[in-house]
Amino acid sequence: MSSNQVSFLDLIISHVQMEEELVGVFRAALRTAGFIGGKPVQDFENAFAKFCDVSRCVGVSSGTDALRFALMAAGVRPGEGVLTVPNTFIATTEAISQAGAHPEFVDVDEQTYNMDSEALREFLETKCDRDQVTGKPVSRRTARLITALVPVHLYGQTADMDSILSLAEAWNLIVVEDACQAHGAEYFSRNQNRWRRAGSMGKAAAFSFYPGKNLGACGEAGATITNDPNLAQRVRMLRDHGQAEKYYHDMEGYNGRLDAIQAGILRLKLDRLADWNRERREKAETYRDLLGDVDGLVLPFEPSWSRAVYHLYVVRVPDRQKLQQHLNEAGIGTGVHYPIPLHLQKAYRVLGYDKGDFPVTERVAANIVSLPMYPQLSRSQQEFVAQAVKECVGVAQLATADRC
Ligand SMILES: *Cc1c(COP(=O)(O)O)cnc(C)c1O
């Protein structure tokens, strides 16, 4: 690739850098035929639990399974409602449905794009009745008992967990964090007066190690983390056909294991994750320096309580299509995460939502663009991206209108 082209994501550089180490993992598996479970999986689980500041980690086959198993193991039952946001990847709600439950949405905050705790409060106080037995909310719209809440730490930044956790406590809701985009992100809890890791604040949390995530496997992988040993044990059973001991099935489970080669690869990469996240934060700062004063361009907002790990670098512009086209012509890759809010997806017509139900999410979805972001992005590549953005957005627009 020439120096004046910038791909949206580069998954090759880091793998070439680590090639010998990574091949070593595969070779060791071949020589022991240790493909499923065993020490590589346990070693990774222990190290990742430590990284996330929790006591238990259970490696599974994907982030979707991690979230499904976490919800099931936390006690969500078929037929119940689970609250989340419409501004997320569909895996969040697929996991809820696959656990037998029904997703229900609250809107996001216009600055952070994550769950708006005021919208959550309003939903609970004005759109629900309190079940007298359990103290949990019953949605008036669906008449379903809502038992759990899934905040999503989207783009690498945590949701505002203090307010979410206190509302969850007041309404007796289980909180399972979707941390699939937030490996190592931190949240400053004003209640506890300390920084907390993404995934360590709820009853359990789900991580994805899809290759493009901040910590990615060379294939599919995920993990559920928790401080609850019983919950962890239930996830262990769910991922492995409901057995704790071979061929003694206490319940039906799934084939949702993490394989040993992926675990070995993840263990090696985990040692570099803190550096990679730091580099992502530096790139975010560089973008802010280069693009901070462009009229009409909204950069990511990082509240004082957040240390984001910039899984994605999402900006807002009045005319997204025009910017994407201009950057594409300049050889710069972009993405949109996500163009159609979940409540407006065909798959979720059955949920009965309409256009206008979640105005912030809908507004945001129409304007967002994700710019190139990865640890190895160079200063000159970022300058090239910034120059191209400026040609298309804001004050420079008039002078160079013909170029855009
Ligand atoms: C990636 C992702 C998932 C699902 O992870 P998979 O490993 O692809 O199953 C879930 N939620 C969010 C927010 C994600 O970004």
Side-chain angles (χ1 to χ4, degrees), residues 8-9 11 44 48 57-72 82-99 101 103 105-106 108 112-115 148-159 161 164 175-185 198-199 202 204-225 235 238-239 254-259 262-263 265-266 269 277 280 308-314 335-343 345 347-348 361 364-365 368 370 373-374:
F8 174 61
L9 176 63
L11 282 179
F44 172 68
F48 193 65
C57 167
V58 185
V60 298
S61 52
S62 69
T64 313
D65 272 358
L67 188 54
R68 167 170 56 162
F69 297 160
L71 289 164
M72 296 172 88
V82 174
L83 278 173
T84 189
V85 288
N87 182 40
T88 179
F89 181 52
I90 192 170
T92 308
T93 44
E94 284 175 326
I96 292 168
S97 305
Q98 288 166 8
F105 298 121
V106 294
V108 297
T112 63
Y113 315 134
N114 278 328
M115 183 178 277
L149 176 57
V150 179
V152 183
H153 306 316
L154 206 65
Y155 311 146
Q157 174 155 277
T158 65
M161 291 301 287
I164 291 172
V175 176
V176 176
E177 298 166 67
D178 182 339
C180 286
Q181 298 191 4
H183 321 66
F207 284 88
S208 165
F209 307 120
Y210 184 76
K213 301 292 164 86
N214 287 30
L215 178 62
C218 297
E220 303 277 358
T224 303
I225 65 166
V235 175
L238 284 166
R239 76 171 171 184
Y254 299 85
N255 180 348
R257 295 172 299 246
L258 170 62
D259 76 58
Q262 298 307 338
I265 286 166
L266 289 166
K269 289 190 177 187
N277 281 345
R280 284 174 184 271
V309 293
Y310 293 93
H311 170 57
L312 294 166
Y313 192 84
V314 177
V336 178
H337 301 87
Y338 297 92
I340 303 177
L342 291 184
H343 68 286
Q345 295 280 357
Y348 288 127
T361 293
V364 167
I368 45 176
S370 307
M373 170 54 82
Y374 42 91

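Order of appearance sets the numbers: ligands from 1, and atoms from 1 within every ligand.
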**Q** Got the closest protein heavy atom to atom 9 (O) of ligand 1, with its distance?
**A**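 Looking at atom 9 (O) of ligand 1, the protein heavy atom closest to it is Thr64 OG1, 2.5 Å.
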**Q** Would Glu220 count as being in polar contact with ligand 1, using the rule that some N or O on each side must be under 3.5 angstrom apart?
**A**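 N/O-N/O distance under 3.5 Å: no.
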**Q** Using a 4.0 Å cut-off to any heavy atom of Ala91, which atoms of ligand 1 qualify?
**A**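 This gives 3 (C), 4 (C), 10 (C) as the contact atoms.
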**Q** How many angstroms lie between atom CG of Leu67 and atom CZ of Phe207, to the nearest 0.5 angstrom?
**A**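 If I round to the nearest 0.5 Å, the distance is 11.5 Å.
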**Q** Check this for me - ligand 1, Tyr210, N or O atoms closer than 3.5 angstrom, yes or no?
**A**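 Between Tyr210 and ligand 1 (N or O atoms, distance only) the closest approach is not under 3.5 Å.
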**Q** Would you mind checking which non-hydrogen protein atom is closest to atom 8 (O) of ligand 1, with the distance to 0.1 Å?
**A**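 Here the closest protein heavy atom is Ser208 OG, 4.0 Å.
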**Q** Go through ligand 1 atom by atom and flag the ones less than 4.0 Å from a non-hydrogen atom of Thr92.
**A**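 Atoms satisfying the 4.0 Å criterion: 11 (N).
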**Q** Working to the nearest 0.5 angstrom, can you tell me the gap between Leu154 CG and His337 NE2?
**A**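 Atom-to-atom, Leu154:CG and His337:NE2 are 9.5 Å apart.
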**Q** If the cut-off is 4.0 Å to any non-hydrogen atom of Asp178, which atoms of ligand 1 fall inside it?
**A**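 Listed by number with element, the hits are 10 (C), 11 (N), 12 (C), 13 (C).
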**Q** Which heavy atom in Leu215 sits nearest to a heavy atom in Leu266, and how many Å separate them?
**A**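 Taking every non-hydrogen atom into account, CG-CD2, 3.9 Å.
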**Q** Would you tell me which option among Gln181, Lys213, Glu94, His337 has the nearest heavy-atom contact to atom 1 (C) of ligand 1?
**A**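 Among Gln181, Lys213, Glu94, His337, the closest heavy atom to atom 1 (C) of ligand 1 belongs to Lys213.
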**Q** When only distance counts, is Tyr338 in polar contact with ligand 1, meaning an N/O pair under 3.5 Å?
**A**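 For ligand 1, there is no N or O atom that lies under 3.5 Å from one belonging to Tyr338.
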**Q** Could you tell me whether Gly63 and ligand 1 have an N or O pair separated by under 3.5 Å?
**A**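 Yes: some nitrogen or oxygen of Gly63 is under 3.5 Å from one in ligand 1.
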**Q** Please give me the minimum heavy-atom distance between Met115 and Leu149, naming the atom from each residue.
**A**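 Smallest interatomic distance, heavy atoms only, reads CE-CD1, 3.6 Å.
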**Q** Using a 4.0 Å cutoff against the non-hydrogen atoms of Thr88, which atoms of ligand 1 qualify?
**A**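 Reading through ligand 1 atom by atom, the close ones are 13 (C).
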**Q** Where is the tightest heavy-atom contact between Leu312 and Phe8, given as atom of each residue plus distance?
**A**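 Closest pair (atom of Leu312, atom of Phe8, distance): CD2-CZ, 3.8 Å.
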**Q** Assign the ring pair Phe105 / Tyr348 to parallel, tilted or perpendicular, where the plane angle (0 to 90°) is split at 30° and 60°.
**A**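 Taking Tyr348 first and then Phe105, their aromatic rings stand perpendicular (interplane angle over 60°).
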**Q** Hey, what do you get for CG (Leu258) to CG (Asp65), rounding to the nearest 0.5 Å?
**A**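 Reported value, rounded in 0.5 Å steps: 11.5 Å.
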**Q** Between atom CZ of Phe89 and atom CD of Glu94, what is the distance when rounded to the nearest 0.5 Å?
**A**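 Those atoms lie 6.5 Å apart.
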**Q** Need the ligand 1 atom indices (1-based, order shown) with element for anything under 4.0 Å from a heavy-atom of Cys180.
**A**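 Answer for ligand 1: 2 (C), 3 (C), 10 (C), 11 (N), 12 (C), 14 (C).
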**Q** Of all heavy-atom pairs between Lys213 and Cys180, which one has the smallest distance, and what is that distance?
**A**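 Lys213 and Cys180 have their closest heavy atoms at CD-O, 3.2 Å.
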**Q** For Ser62, take its heavy atoms, then give the atoms of ligand 1 lying under 4.0 Å from any of them.
**A**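 In order of number, 7 (O), 9 (O).
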